Amino acid sequence: MPRRAKLIPNAVAAKADTTTTASSADSKPGHELLLFEALREGLEEEMERDPRVCVIGEDVGHYGGSYKVTKGLATKFGDLRVLDTPIAENSFTGMGIGASMTGLRPVIEGMNMGFLLLAFNQISNNCGMLHYTSGGQFTIPVVIRGPGGVGRQLGAEHSQRLESYFQSIPGLQMVACSTPCNAKGLMKAAIRSDNPVVLFEHVLLYNLKERIPDEDYVLCLEEAEMVRPGEHVTILTYSRMRYHVMQAAKALINKGYDPEVIDIRSLKPFDLCTIGNSIKKTHRVLIVEECMRTGGIGASLRAAIIDNFWDYLDAPIMCLSSQDVPTPYAGTLEEWTVVQPAQIVAAVEQLCK
Amino acid sequence: MAALRRLSLSSIPPLRRIVSRSFSSASNDDQTLLTIETSVPFTGHNIDPPSRSVETTPKELLTFFHDMSLMRRMEIAADSLYKAKLIRGFCHLYDGQEAVSIGMEAAITKRDAIITAYRDHCIFLGRGGTLLEAFAELMGRRAGCSKGKGGSMHFYRKETNFYGGHGIVGAQVPLGCGIAFGQKYCKDETVTFTMYGDGAANQGQLFEALNMSALWDLPVILVCENNHYGMGTAEWRAAKSPAYYKRGDYVPGLKVDGMDVLAVKQACKFAKEHVLKNGPMILEMDTYRYHGHSMSDPGSTYRTRDEISGVRQERDPIERVRKLILSHELSTASELKDIEKEVRKEVDDAIAQAKETPMPDPSELFTNVYVKGLGVEAFGADRKELKSVLP
């Protein structure tokens, strides 16, 4: 019996069938929690495991985090390990990076990913490149995380998708979580990684509920997740669009299509192994993403697929992305900047003609 | 030559070894403590400044002379190498400011951290870097301290806590406060000296970082090397208030004559003690650079040659120490000249050696991008020709 998450219907697509999610198809009891709780659980476990892990961000300590990801951690670990900063993204990101050069493993939270644009210099030059310019002397094991993506009428400045801006920075790794299960696993993997990792969360996915395993698990940062195996077409997606794709998939299955849905999860580097094997099977690719069309993740993914798997394609790669416009406030307009399930269905139908 | 050996060689080991010892424990026959007054008294902001009487030993003064001459020689040699096109890109020279680096090293240990901007060649040397590593890095060779991949602005030395070496003005200040945060977190009882210039003093991130450091009592000392010019802009044209030591407002500050190595030593010692107990402090070093901002700047379009030569005559740090040594009869003029000759030879030898070292292997283009091998494909400009998997 598929579990329905407590979602706001007009904002997030219905949750995927649990039987098709490889991660939660287990026979152990597990425990149910919401995505933000899963992030917190992963963070807490890592902070217990390694005293060098600390959290830096605005309102992460006493307030508990604007999305409650760090709730209770300051009481447990103290103010130094869960550090409330003033509103100074550029410098507290720089401070986190400096601290990581001494051996600490900070988790830097941007209250909204969009605010991290103020720290772009630190993220690009210092975070991404210091390992290289120092000839390998210093490692920067930071995790930079925060909610991004188009929310519920939050306005243009609070609906940013930064994955397209950060993707060219050499030395940086990027992952996007989409379910409580992969959120916890990716959070733990990101903290344990010696490379700087940007963990993209989505504002509208924090209240997704899922049953996750009780035992300790860490996911691989560079792996994609097979959401639904299929034969006709490969649909590559990540973050919130996964749910729009799965909603479209229901309609497609009713129409007789058999889509293979892959949540790419790793935005930099791409898991070309999983993606390639899928393309070799289906020969048709549709990319569904939430970031802008110009210079987005889809653009890079298309280039990578064409370079590596051209011979396996029977049709041009289709890419559905958000419009290249600032996100408007009005609800109807906002809906139209983002890819909707109906458009996904139409695209697959065209691709498979 | 024999005279040289009698006095100098035994009491002045090469730069690298000397700066790793703390100067309070002189293990030589010259144990006499000298008390010398700094050129000008310190000016304090929200703090009682330290005394202007500084204790030192003959050995220390001779070491200062040797080490500063070495740095001066290195920078001048770098100038020639740049003009010979062996050093490319940006090259920011530190000659004139040597006293800041040497005085600082005299007051601290290698467990304390230093981070600075792009005028970092001499700071690197002060932290125990070798001439060979420096010249090799400047010439982009494999033997460089950053394997030739960093360049002039990216010298680092992890084992002696030198955190670089940064190209973007002011970006190293939050990093420095972060290093201090790490030191406090691990209860190291060490401090971080975060250096920046009068140009960077107007960066917003500096005030952000200062606020946080003061809020959390981080053991950081912000050192403003005020050489009065932010590239081509004089300080009075860039800053409404050029009293950089006062800019901390609630953070105490000290103004120091940065051309007087003993004053710098006293100030840094004072700052370290203060900061370990009370949180951050600002030190403004009043100093001067003889070269332009970088090798592409003649340095004379925004200031007069008279000004430069005037400072060189009256305030040069090496000349000051030379006069002190001679007036206290710690050595003779000819012996000091011999030290300078020896230093020159050392630098020339290092350059010759560095010139022989090979360029980095082409595979080095792809190493150290990530810590762990991700099997990521990276492409050269021509996507067909140059393609590699990142190790």
Side-chain angles (χ1 to χ4, degrees), chain A residues 51-52 54 56 79-81 83-104 106 118-119 121-122 125-126 128-141 170-173 193-196 221-222 266 268-270 272-273 303-304 307-308, chain B residues 113 115 137 144-151 153-159 161 163-168 171-186 188 192 204-213 215-216 218 367-372 374-379 383 390:
Chain A
R52 297 170 302 169
C54 55
I56 300 178
D79 280 347
L80 195 67
R81 284 189 79 186
L83 195 61
D84 275 328
T85 66
I87 306 176
E89 281 78 9
N90 193 6
S91 35
F92 74 68
T93 307
M95 281 184 63
I97 295 166
S100 73
M101 287 167 90
T102 67
L104 295 189
L118 287 152
N121 174 58
Q122 296 288 351
N125 287 331
N126 293 333
M129 303 201 207
L130 259 172
H131 184 62
Y132 189 87
T133 55
S134 67
Q137 286 180 69
F138 292 108
T139 58
I140 316 289
L172 214 59
Q173 254 191 282
S193 167
D194 280 335
N195 289 309
L221 286 173
E222 299 92 24
S266 175
K268 184 179 165 88
F270 294 129
L272 289 177
C273 185
D307 278 341
N308 292 290
Chain B
I115 187 171
E137 184 63 36
C145 54
S146 301
K147 300 187 191 162
K149 300 204 282 194
M153 297 188 283
H154 298 285
F155 281 24
Y156 303 87
R157 194 153 212 274
K158 185 172 181 188
E159 54 265 34
N161 292 302
Y163 288 85
H166 296 273
I168 304 294
Q172 78 278 9
V173 178
L175 287 184
C177 297
I179 297 165
F181 177 78
Q183 289 172 327
K184 180 171 177 143
Y185 192 102
C186 298
D188 277 350
T192 304
Q205 52 191 322
L206 201 142
F207 296 95
E208 295 177 13
L210 197 62
N211 175 38
M212 286 190 271
S213 308
L215 198 57
W216 301 321
L218 299 183
T367 56
N368 302 128
V369 180
Y370 293 104
V371 176
K372 180 188 78 159
L374 295 179
V376 182
E377 271 203 299
F379 299 92
R383 292 173 79 83
L390 292 182

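Just so we're clear, the structure is a prediction, and the values are computed from it rather than from any experiment. Side chains included, hydrogens not; waters and symmetry mates left out as well; all remaining heavy atoms used.
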Kindly indicate whether the side chain of B/Y156, heavy atoms from C-beta on, has any atom under 4.5 Å from the side chain of A/L130.
yes
With side chains defined as the heavy atoms from C-beta onward, is the minimum distance between B/Y370 and A/D194 less than 4.5 Å?
no
Please look at A/L104 and chain B and tell me whether the side chain, the backbone, both or neither of the residue comes under 4.5 angstrom of a heavy atom of that chain.
side chain
Please list, chain by chain and in numerical order, all residues satisfying ring-ring contact (aromatic ring centres under 6.0 Å, His included) with B/F207, sequence neighbours excluded.
none
Can you list the residues that meet the ring-ring contact (aromatic ring centres under 6.0 Å, His included) rule with A/H131, with sequence neighbours excluded?
none
May I ask you to decide if the ring planes of A/F138 and B/Y163 are parallel, tilted or perpendicular, using 30° and 60° as cut-offs?
parallel
What verdict does the side chain to side chain contact (heavy atoms under 4.5 Å, CB included) test give for A/L80 and B/F181, after you've listed the backbone C-alpha separation in whole Å, the side-chain angles of each residue and the deciding distance to 0.1 Å?
CA-CA 9 Å; A/L80 195 67; B/F181 177 78; 3.6 Å; yes
What part of A/L221 lies closer than 4.5 angstrom to a heavy atom of chain B: side chain, backbone, both or neither?
neither
Is there side-chain contact between A/Q122 and B/L175, with heavy atoms separated by less than 4.5 Å?
yes
Residues B/L218, A/M95; criterion side chain to side chain contact (heavy atoms under 4.5 Å, CB included); working and verdict
CA-CA 11 Å; B/L218 299 183; A/M95 281 184 63; 3.6 Å; yes
Who among B/E159, B/H166, B/K158 has the most heavy-atom pairs with chain A under 4.5 Å?
B/K158
A/N126 versus chain B, the contacting section by heavy-atom distance below 4.5 Å
side chain
Does any heavy atom of chain B fall under 4.5 Å from the side chain of A/P51, the backbone, both, or neither of them?
backbone
What's the verdict on side chain to side chain contact (heavy atoms under 4.5 Å, CB included) for A/N90 and B/E208, showing C-alpha distance, side-chain angles and the deciding distance?
CA-CA 8 Å; A/N90 193 6; B/E208 295 177 13; 4.0 Å; yes
A/F92 portion near chain B, given a 4.5 angstrom heavy-atom threshold:
both
Evaluate the side-chain proximity of B/H154 to A/S134: yes if any heavy-atom separation is below 4.5 Å, no if none is.
no
Evaluation steps, side-chain hydrogen bond (donor to acceptor under 3.5 Å, both in side chains), between B/Y185 and A/R81
CA-CA 8 Å; B/Y185 192 102; A/R81 284 189 79 186; 3.0 Å; yes
Side chain / backbone / both / neither for A/L172 at chain B, heavy atoms under 4.5 Å:
backbone
Does any N or O in the side chain of A/T102 come within less than 3.5 Å of the main-chain N or O of B/I179, such that one atom is a donor and the other an acceptor?
no
Side chain to side chain, B/K149 and A/T133, heavy atoms closer than 4.5 Å:
no
Is it the backbone or the side chain of A/Q137 that comes under 4.5 Å from a heavy atom of chain B, or both, or neither?
both
Got a second to check how far A/D84's CG is from B/L215's CG, nearest 0.5 Å?
9.5 Å
